[in-house]
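Chain A is the first sequence line, chain B the second, and so forth, proteins listed ahead of strands; every chain is numbered from 1. Just so it is clear, the model here is predicted, and its values are computed rather than measured.
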Number of protein chains: 2
Amino acid sequence: MPERRPRKDAVRNRKAVLEAADALFARCESPEDVTMADIAAAAGVGKGTLFRAFGDRTGLLRALYEARLEPIREAVETGPPPLGPATPPQDRVAALLDAVLCFKLDNRRLALALEESASGSPYQAEHYERWHSMLQAVLEQIPGLTDSDFTAHALLAATRADLVEHLAGEGLVSRKRMRAQLANFTTRVLASGPPQG
Amino acid sequence: MPERRPRKDAVRNRKAVLEAADALFARCESPEDVTMADIAAAAGVGKGTLFRAFGDRTGLLRALYEARLEPIREAVETGPPPLGPATPPQDRVAALLDAVLCFKLDNRRLALALEESASGSPYQAEHYERWHSMLQAVLEQIPGLTDSDFTAHALLAATRADLVEHLAGEGLVSRKRMRAQLANFTTRVLASGPPQG
DNA sequence: CGTCGAAACGGACCCACGGTCCGGATTGTA
DNA sequence: TACAATCCGGACCGTGGGTCCGTTTCGACG
């Protein structure tokens, strides 16, 4: 089974859809008023094409999200400090969370759309699983810190898209301030010395 | 304008709807497969009645949620320690979060339904605002703790219904363990002494 | 108890949206 | 040029939240 590659009109259309969706989500007020039909129309494509390429709404959102996330993922896995592997655990945890936060600030609508569309919950998505296990692994290297699994979840929960939107959404909290607050919070969680230290 | 009270068939039906909805959400697998029509049917009532009484789906969910929450709210505002006002701040924060967690464990489906239906986000709901400001006020009494606003959000985020469902949902994490983990996490956040001390 | 206006009922109806289907157009190969 | 294989696109469908309005019930008053 030679795994024949797709026809070129297929790849062209796929790209068109991604770009159109990206633009629409960037412009819209709230993610749920970008319909699949809108996206198809904006991409100059039929709905059938759109669903064939991505399966369903969640699939499209995920594809978009993953694409945007790719550079960060690479920076985390093989890049230089502070995101890369050569960073001391505590600093790296802070850097990871800061990166997630910045990503959500820069892609508010998209992140929001994905987290609320996600069939079931955001916790089904594999990219969440990636972030979580990454974070957990780093937390595990910090002496005196227990429950790394739950802690990773709890820290990531502080960067949930709707919370970010709620705080930063109407300019009530500046990007800078929010990053500082998250950093401070993270520090607190990690700072407590070992139980009897 | 004497604010005439509602007719008794109205209050009877309202009650019937609340009870029916409660039962349906308790039984169902996932909240989104309880439709408004289902609820109306189970309550022996027309859809019109249901929407007239509660406005929309979110309104119904909120009413249910508030009703369930009432006893806890009272315990927090005027009850004895550890939930009541006479508790030292740190212990009270832990107690508050534990109460929220237990509530979500006991009302998983309902909390889930509300958080995902919520027009906009869970952060619009007034009961969230109540919890948040309560928690923030208590945090403010803890010396050396800054950013009480964000901290309150972040701590509450660790009790989000979908996270609770994700962890406790399939019996992977026991109730007891989850409470312990949250307590531990809370302790860490609060434990860091004042900056120089 | 009979009357009557206001309030509530209920289910047929509407419509937006995600998702499917299939006849026809495109692609690439021989 | 011929012919599969693949893909296209928009008409179509089912579902579910929300509305509308003719009918019924309530309860105040005589």
Side-chain angles (χ1 to χ4, degrees), chain A residues 1-21 24-25 28-64 112-120 124, chain B residues 1-21 24-25 28-64 109 112-120:
Chain A
M1 41 209 42
E3 174 84 13
R4 53 170 91 270
R5 70 213 186 156
R7 271 165 44 170
K8 72 179 175 197
D9 52 351
V11 312
R12 171 172 40 79
N13 282 334
R14 183 186 171 91
K15 211 178 118 196
V17 167
L18 282 173
E19 280 164 9
L24 286 183
F25 279 115
C28 73
E29 190 70 21
S30 172
E32 71 251 22
D33 48 46
V34 175
T35 77
M36 295 289 108
D38 290 341
I39 297 173
V45 143
K47 275 174 62 175
T49 302
L50 188 157
F51 281 98
R52 201 173 326 103
F54 299 98
D56 60 7
R57 178 172 239 257
T58 302
L60 170 55
L61 270 331
R62 283 227 253 269
L64 262 178
L112 218 41
L114 185 56
E115 284 189 18
E116 78 188 23
S117 146
S119 329
Q124 320 285 60
Chain B
M1 42 206 42
E3 175 83 14
R4 53 171 90 269
R5 66 201 193 171
R7 268 163 47 170
K8 73 178 178 202
D9 54 347
V11 311
R12 173 172 39 78
N13 281 334
R14 183 185 171 92
K15 210 178 119 196
V17 167
L18 282 173
E19 280 164 10
L24 285 183
F25 279 114
C28 74
E29 190 69 24
S30 171
E32 71 251 24
D33 48 47
V34 174
T35 76
M36 294 291 109
D38 290 341
I39 296 173
V45 142
K47 274 175 63 176
T49 301
L50 188 156
F51 280 98
R52 198 171 329 103
F54 298 98
D56 59 8
R57 180 172 237 259
T58 303
L60 171 54
L61 270 330
R62 284 226 254 269
L64 261 178
R109 305 289 151 69
L112 219 41
L114 185 55
E115 284 189 19
E116 78 188 24
S117 146
S119 328

Spatial distance of atom [atom1] ([X]) from atom [atom2] ([Y]) [nearest 0.5 Å]:
X: B/Arg14; Y: B/Leu50; atom1: CZ; atom2: CG; value: 10.5 Å
X: A/Glu115; Y: B/Glu116; atom1: CD; atom2: CD; value: 13.0 Å
X: A/Arg57; Y: A/Met36; atom1: CZ; atom2: CE; value: 4.0 Å
X: A/Arg62; Y: A/Asp56; atom1: CZ; atom2: CG; value: 8.0 Å

Separation of atom [atom1] in [X] from atom [atom2] in [N], rounded to whole Å:
X: A/Leu60; N: C/dG19; atom1: CG; atom2: P; result: 11 Å
X: A/Arg14; N: D/dC8; atom1: CZ; atom2: P; result: 12 Å
X: B/Arg57; N: D/dG16; atom1: CZ; atom2: P; result: 10 Å

- With a 4.5 Å heavy-atom cut-off, do B/Leu18 and B/Leu60 have their side chains touching?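 B/Leu18 reaches B/Leu60 side chain to side chain.
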- Task: May I ask you to evaluate whether B/Asn13 reaches the phosphate of C/dA8, defined as a side-chain N or O under 4.0 Å from OP1 or OP2?
- Result: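 Checking B/Asn13 against C/dA8: no side-chain N or O falls below 4.0 Å of OP1 or OP2.
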- Task: State which of C/dG18, C/dC9, D/dC8 makes the closest approach to the side chain of A/Met36.
- Result: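 Per side-chain heavy atoms of A/Met36, the pick is C/dG18.
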- Task: Check DNA chain C against residues 37-56 of chain B and give the residues with a non-hydrogen atom under 4.0 Å, in numerical order.
- Result: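 B/Val45, B/Gly46, B/Lys47, B/Gly48, B/Thr49, B/Arg52, in order of number.
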- Item | A/Arg12 to A/Asp9 - nearest heavy-atom pair and separation |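 Minimum heavy-atom contact is NH2-CB, 3.1 Å.
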- Item | For B/Thr49 against B/Val45, the heavy-atom pair lying closest together |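 Looking at all heavy atoms of both residues, the closest pair is CB-CG1, 3.4 Å.
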- Task: Mark up nucleotides 23-30 of chain C, 5' to 3', with B wherever a protein heavy atom is under 4.0 angstrom from a base atom, S wherever such an atom reaches only the sugar-phosphate, and - elsewhere.
- Result: ---BSS--
- Task: Could you please spell out the steps behind the side chain to side chain contact (heavy atoms under 4.5 Å, CB included) verdict for A/Leu61 and A/Phe25?
- Result: CA-CA 10 Å; A/Leu61 270 331; A/Phe25 279 115; 3.7 Å; yes
